[in-house]
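Have a look at the structure below, then the notes.
All residue numbers in this chain count up from 1 along the given sequence.
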Amino acid sequence: MPSTTSPFRDGLLASLPIVMGYLPISFSFGVAATRAGFGALDAFALSLIIYAGASQFLALALLASGAPVLVAAFTLIAMNLRHLLYGPALMRAAGSKAARRHAWAWAWGLTDEVFGQALGALARGQRFSEAYMFGLGIGAYAAWVSGTVAGAFAGGGELDAWPALGAGLGFMLPALFLALLLSILSRRQLPVIAVAGLATIAGTLAISATAGILLGMLAGALTGLLGR
């Protein structure tokens with residue numbers, strides 16, 4: 001991803017929209033963790049180790065309700081299986097000559113939003129760079145962890161006086177991902193997105209949100225393959 005500045009710095013700058021979305025959401029996660037009875041260190045560890053966005057809120061609900069740790073762990077794994085496809089999809093879009101020497105490290109930061117931002121950069125004709133991926137991933141990761149810590153130390157009653165703000169925070173993550181999706185939208189991708197969306201809705205209504213995500217991912221991938 002060429003530029004007159006360093007690719008790592010370009011990645012950090014490209015992460016700013018994600019940072020702006022992650023900070024309030026991770027803050028609300030830190031607040032939710034303290035409300036569920038977890039300490040600030042526990043909330044920090046959940047974001048530092050799991051780093052799974054909406055899945056962390058589900059983990060809180062499961063653990064707070066007394067669900068076994070193994071049940072919570074397997075539920076989170078099922079919800080995040082889609083991340084296994086992000087690296088190969090990105091490498092395919094980048095081309096066979098793209099460097100992947102340090103993919104084992106920067107792939108840790110491939111959240112939905114980071115993947116969308118990176119894929120959008122490639123779609124706009126920018127060249128793939130591992131340094132760019134490190135900058136993009138580190139910016140987003142630092143924002144998520146620091147926002148969690150701030151929310152945890154702020155305490156569980158921080159948002160009680162601002163109910164509208166508390167409700168709005170829950171919409172910011174899907175809104176951010178929708179914006180990234182629209183940035184790479186093309187006529188060719190419309191059937192894939194439509195099929196994936198319908199499968200997700202059907203699976204969610206018929207089974208569960210986790211099943212909906214998995215079905216949507218599989219349906220979209222199969223539609224994309226059949227359309228080539």
Side-chain angles (χ1 to χ4, degrees), residues 1-23 25-26 47-55 79-146 173-193 195-197 213 216-228:
M1 299 173 181
S3 173
T4 55
T5 58
S6 72
F8 180 79
R9 182 182 176 187
D10 290 341
L12 282 176
L13 291 175
S15 74
L16 289 179
I18 301 175
V19 168
M20 293 175 65
Y22 275 11
L23 282 174
I25 301 165
S26 57
S47 284
L48 185 71
I49 299 171
I50 298 178
Y51 187 41
S55 299
M79 283 193 67
N80 291 285
L81 282 175
R82 67 190 187 280
H83 290 92
L84 293 177
L85 303 178
Y86 286 170
L90 197 60
M91 288 291 90
R92 181 167 185 170
S96 58
K97 295 182 179 179
R100 59 189 73 192
R101 180 180 179 183
H102 302 292
W104 61 270
W106 56 257
W108 163 256
L110 280 178
T111 61
D112 296 334
E113 294 73 27
V114 170
F115 172 71
Q117 187 78 297
L119 197 62
L122 292 173
R124 292 188 293 271
Q126 298 186 41
R127 184 170 58 85
F128 180 83
S129 165
E130 287 195 310
Y132 179 95
M133 292 304 302
F134 275 115
L136 183 62
I138 288 174
Y141 185 45
W144 186 265
V145 174
S146 60
L173 189 60
L176 173 62
F177 189 64
L178 179 61
L180 293 172
L181 176 64
L182 292 175
S183 72
I184 61 173
L185 186 64
S186 68
R187 185 182 297 272
R188 181 182 178 184
Q189 295 164 334
L190 285 176
V192 177
I193 294 172
V195 170
I213 292 172
M217 176 188 70
L218 292 173
L222 288 174
T223 305
L225 287 174
L226 294 174
R228 290 188 179 277

Taking side chain to side chain contact (heavy atoms under 4.5 Å, CB included) as the test, write out the residues that go with [X], two or more places apart.
X: T111; value: Y22, Y51, E113, V114
X: V192; value: T223
X: A196; value: none
X: A107; value: L110

> Donor-acceptor pair, E130 side chain versus W106 backbone, under 3.5 Å?
Replying inline: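 The answer is no, because no donor-acceptor pair under 3.5 Å joins these two groups.
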>> Would the distance check show the side chain of S15 and the main-chain N or O of I18 forming a donor-acceptor pair, the cut-off being under 3.5 Å?
In response: no
>> Applying side chain to side chain contact (heavy atoms under 4.5 Å, CB included) to N80 and I50, what does each step give before you reach the verdict?
In response: CA-CA 10 Å; N80 291 285; I50 298 178; 5.9 Å; no
In Å and rounded to the nearest 0.5 Å, what is the [atom1] to [atom2] distance from [X] to [Y]?
X: D112; Y: Q117; atom1: CG; atom2: CD; answer: 13.0 Å
X: Y132; Y: L12; atom1: OH; atom2: CG; answer: 10.0 Å
X: M133; Y: F115; atom1: CE; atom2: CZ; answer: 9.5 Å
X: L85; Y: L90; atom1: CG; atom2: CG; answer: 12.5 Å

> Which heavy-atom pair separates V19 from G139 by the least distance, and what is that distance?
Replying inline: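 It is CG2-O, 3.4 Å.
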>> With heavy-atom distances below 4.5 Å as the criterion, would you say the side chains of Q126 and D10 are in contact?
In response: no
> What residues form a ring pair (Phe, Tyr, Trp, His ring centres under 6.0 Å) with H83, not counting sequence neighbours?
Replying inline: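 Y86.
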